[in-house]
> 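If you scroll down you'll find the structure; I have some questions about it.
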Amino acid sequence: MKVVLITNESLQAKALEQLIINSGINITKVIKYKPSANAKKSKNTLNHTISTARLKLGTLKNKLFQDATTRAALNFEQQCFDYAQEKTNAYLEKILEGKAQTQVNSIAVEDVNSDKVISALRLESPDICVVFGTP
């Protein structure tokens, strides 16, 4: 069975790739979504700047008017999130065992719906295509 994995470059995606390979499934190609620097710059429009400023001001306003109990609850929630993220990353690092790169043929693309991806999929003609963590 031929499997193609379409994913991003996150630690979770690398761990998934490693788990699939370790389970004996033949991944023939990995297509990795990698946003370009231009994609990040294209958001620097006036409307985006205004909406970002409004969001930050709204967040600041909400924090100023929170009572101590709400602030303490939100701080506890953030600590729990940070702890869970730390444990998750430690587990994923354990799965990877320092092998972040696999020997699977991979391509990096800026758009998972591009012609480059479509032609790669047609060339591989996989039985299954696994999509994980792409926009």
Side-chain angles (χ1 to χ4, degrees):
M1 175 169 34
K2 292 168 56 174
V3 176
V4 170
L5 175 63
I6 301 175
T7 188
N8 55 34
E9 293 187 328
S10 70
L11 189 61
Q12 291 87 352
K14 292 175 184 176
L16 175 66
E17 180 181 348
Q18 192 67 42
L19 283 172
I20 292 172
I21 290 170
N22 290 346
S23 68
I25 296 173
N26 180 27
I27 296 180
T28 57
K29 185 174 289 289
V30 177
I31 299 170
K32 295 182 180 180
Y33 169 71
K34 183 176 184 178
S36 68
N38 293 339
K40 293 176 185 175
K41 289 180 183 177
S42 67
K43 290 187 175 182
N44 290 336
T45 62
L46 181 60
N47 287 339
H48 182 264
T49 304
I50 291 171
S51 63
T52 302
R54 282 185 179 169
L55 179 65
K56 288 182 180 180
L57 287 173
T59 303
L60 179 63
K61 177 184 164 189
N62 289 340
K63 284 186 177 184
L64 288 174
F65 292 110
Q66 288 173 352
D67 62 352
T69 307
T70 305
R71 250 180 280 145
L74 289 174
N75 285 338
F76 178 72
E77 183 180 328
Q78 184 63 45
Q79 289 173 352
C80 290
F81 175 79
D82 293 341
Y83 178 77
Q85 194 71 25
E86 181 183 312
K87 289 295 185 181
T88 302
N89 287 342
Y91 175 73
L92 294 175
E93 288 290 341
K94 183 180 174 186
I95 289 173
L96 290 172
E97 297 173 346
K99 296 181 272 184
Q101 294 293 333
T102 60
Q103 300 302 320
V104 179
N105 184 15
S106 65
I107 58 172
V109 295
E110 295 176 4
D111 181 14
V112 293
N113 298 316
S114 67
D115 292 336
K116 184 178 181 180
V117 173
I118 293 169
S119 63
L121 289 173
R122 284 188 179 145
L123 184 66
E124 291 294 326
S125 63
D127 297 318
I128 296 176
C129 189
V130 178
V131 181
F132 176 79
T134 60

> Rounded to the nearest 0.5 Å, how far does OG1 of Thr59 lie from NZ of Lys56?
9.5 Å
> Answer yes if Ile6 and Ile27 sit in the same cluster of Ile, Leu, Val, Met, Phe, Trp and Tyr residues linked by side chain heavy atoms under 4.5 Å apart, and no otherwise.
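Shared cluster, no.
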> Can you check side chain to side chain contact (heavy atoms under 4.5 Å, CB included) on Gln66 and Leu74, steps first, answer last?
CA-CA 10 Å; Gln66 288 173 352; Leu74 289 174; 3.2 Å; yes
> Ignoring hydrogens and geometry, is there a side-chain-to-backbone donor-acceptor pair from Thr7 to Ala13 under 3.5 Å?
no
> Show your working on side chain to side chain contact (heavy atoms under 4.5 Å, CB included) between Val109 and Ile31 and close with a plain yes or no.
CA-CA 7 Å; Val109 295; Ile31 299 170; 3.8 Å; yes
> Hey, any chance Val3 and Phe132 share a hydrophobic cluster, counting ILVMFWY side chains that come within less than 4.5 Å of each other, even indirectly?
yes
> Consider only side-chain heavy atoms of I, L, V, M, F, W and Y, link residues closer than 4.5 Å, and tell whether Phe81 and Tyr91 are in one cluster.
no
> So how far is it from Ile50 CD1 to Leu55 CG, rounded to the nearest 0.5 Å?
14.0 Å
> Rounded to the nearest 0.5 Å, what separation is found between the OG atom of Ser51 and the CG atom of Leu46?
9.5 Å
> As a test of understanding, state which of Leu16, Leu11, Leu19 forms a side chain to side chain contact (heavy atoms under 4.5 Å, CB included) with Leu92.
Leu11
> Does any pair with a residue in residues 68-82 pass side-chain hydrogen bond (donor to acceptor under 3.5 Å, both in side chains), and if so which ones, sequence neighbours excluded?
Asp67-Thr70, Gln78-Asp82
> Please confirm whether the backbone N or O of Gly133 pairs with a side-chain atom of Asn8, one donor and one acceptor, at under 3.5 Å?
yes
> In a table with atom names and distances, give each donor-acceptor pair under 3.5 Å that connects a side chain of residues 116-131 to protein atoms at least two apart or in another chain.
residue, atom, partner, partner atom, Å
Ser119, OG, Asp115, O, 3.1
Ser119, OG, Lys116, O, 3.0
Glu124, OE1, Thr28, OG1, 3.2
Asp127, OD2, Lys2, N, 2.9

> How close do Lys14 and Leu96 get, heavy atom to heavy atom, and via which atoms?
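Taking Lys14 first and Leu96 second, the nearest heavy atoms are O-CD2, 3.5 Å.
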> Would a single hydrophobic cluster contain both Ile20 and Met1, if residues Ile, Leu, Val, Met, Phe, Trp and Tyr are joined by side-chain heavy-atom contacts under 4.5 Å?
yes
> Hey, mind stepping through Gln12 and Glu17 against side chain to side chain contact (heavy atoms under 4.5 Å, CB included) and telling me if it holds?
CA-CA 9 Å; Gln12 291 87 352; Glu17 180 181 348; over 6 Å; no
> With the 4.5 Å side-chain cut-off for hydrophobic clustering, are Val4 and Tyr33 part of the same group?
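Yes, Val4 and Tyr33 fall within the same hydrophobic cluster.
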